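Below: the structure, in structure tokens.
Position 1 is the first residue of the sequence; numbering continues from there. All of these numbers come straight from a predicted model, not from anything done at the bench. Basis for what follows: all heavy atoms, side chains included, without hydrogens, waters or symmetry-related copies.
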Amino acid sequence: MPVHDVHVAVIYYSSTGTVAELARLIADAAEHAGADVRLRRAAELAPQTAIDANPAWAANAAATADIMEATHEDMLWADGVIFGTPTRFGNVTSQLKQYLDTLGGLWQQGRLADKVYSGFTASATKHGGQESTLLALYQTVHHFGGILVAPGYTDPAKFTDGNPYGTSHVGGPDTPLDDEARTAARIQAERVVKFTKAIKHGLSPAS
């Protein structure tokens with residue numbers, strides 16, 4: 001079996017940079033776990049005036065300008081997809097939701113089914129809707145016919161960060177990711193790659 005035998009897309013939206021940093025960590029960990037990885041960002045929907053009015057938002061937009069925007073082809077390429085979004089009123093951001101909503105044609109053709117999916121998030125406050133955001137995201141996965149692989153409490157470190165639904169972090173641009181979030185990102189990425197490999201090769205006619 002080759003070293004990089006599965007494709008994993010990390011598709012996220014981030015305004016002030018926290019989720020963007022998580023996305024990079026997850027992408028790096030997935031690559032180290034043996035996947036070919038595409039890091040992609042959802043297109044921005046907010047007006048430029050709103051972005052410019054928030055220094056952290058403007059800084060993140062500039063820092064991530066070289067990351068390609070997610071397209072439908074990224075979904076077709078991927079064997080596993082890890083979505084990332086900040087929480088907005090306990091729900092998925094409009095930017096990531098817009099991307100998901102454009103996938104209706106692929107869904108109708110059954111081309112989003114039988115892939116592995118997982119998600120990660122961040123909020124500015126404790127109990128700020130992290131779990132409800134991931135659960136809302138996973139409703140889409142069920143409609144896709146996707147195979148949901150959440151981290152669960154499958155590693156002792158998960159009893160420290162306490163979120164079995166996906167990697168999460170509390171804080172904004174002035175609160176850097178802590179060791180708990182970094183460890184959670186690694187655990188989730190490794191678990192997604194593990195089961196993406198198992199499902200892909202288990203379903204292969206040659207296996």
Rounded to the nearest 0.5 angstrom, the CG-OG distance for L96 and S14 is 11.5 Å
If only atom types and distance count, is the side chain of D161 paired as donor or acceptor with the main-chain N or O of E180 below 3.5 Å? no
May I ask you to decide if H143's main-chain N or O and W107's side chain share a donor-acceptor pair within less than 3.5 Å? yes
Taking side-chain contact (heavy atoms from CB on, under 4.5 Å) as the criterion, tell me which of T133, N163, V10 meets it with F120. V10
Measure the shortest side-chain to side-chain distance between Q139 and L135 over non-hydrogen atoms and say whether it is less than 4.5 angstrom. no
Got F195 and I147 here, is their nearest side-chain heavy-atom distance under 4.5 Å? no
Does some side-chain heavy atom of D79 sit less than 4.5 Å from a side-chain heavy atom of V116? no
I'd like to know if the side chain of D74 and the backbone of R40 have a donor-acceptor N/O pair within less than 3.5 Å. no
For F83, the option from Y12, Y138, Y117 that meets side-chain contact (heavy atoms from CB on, under 4.5 Å): Y117
Under 3.5 Å, is there a donor-acceptor pair linking the side chains of T87 and T121? no
About how many Å separate CG of L148 and OG1 of T140, when rounded to the nearest 0.5 Å? 11.5 Å
Kindly say whether H169 contributes a backbone atom to a donor-acceptor pair with the side chain of Q130 at under 3.5 angstrom? yes
Side chains of Y13 and V19, heavy atoms from C-beta outward: is any pair under 4.5 Å? no
Answer yes or no: is there a side-chain heavy-atom contact under 4.5 Å between R88 and K97? no
Under a 4.5 Å cut-off applied to non-hydrogen side-chain atoms, are Q188 and K158 in contact? no
Heavy-atom closest pair (K115 atom, M75 atom, distance to 0.1 Å) is NZ-O, 3.0 Å
Taking the side chain as every heavy atom from C-beta outward, state whether L25 and R186 have any pair of such atoms under 4.5 Å apart. no
Quick check against the 3.5 Å criterion: does K126 have a side-chain atom that pairs as donor or acceptor with the backbone of V170? no
With a 4.5 Å limit on heavy-atom distance, are the side chains of V193 and E190 in contact? no
Rounded to the nearest 0.5 Å, what separates atom CZ in R41 from atom CD in Q95? 11.5 Å
May I ask you to decide if D5's main-chain N or O and K200's side chain share a donor-acceptor pair within less than 3.5 Å? yes
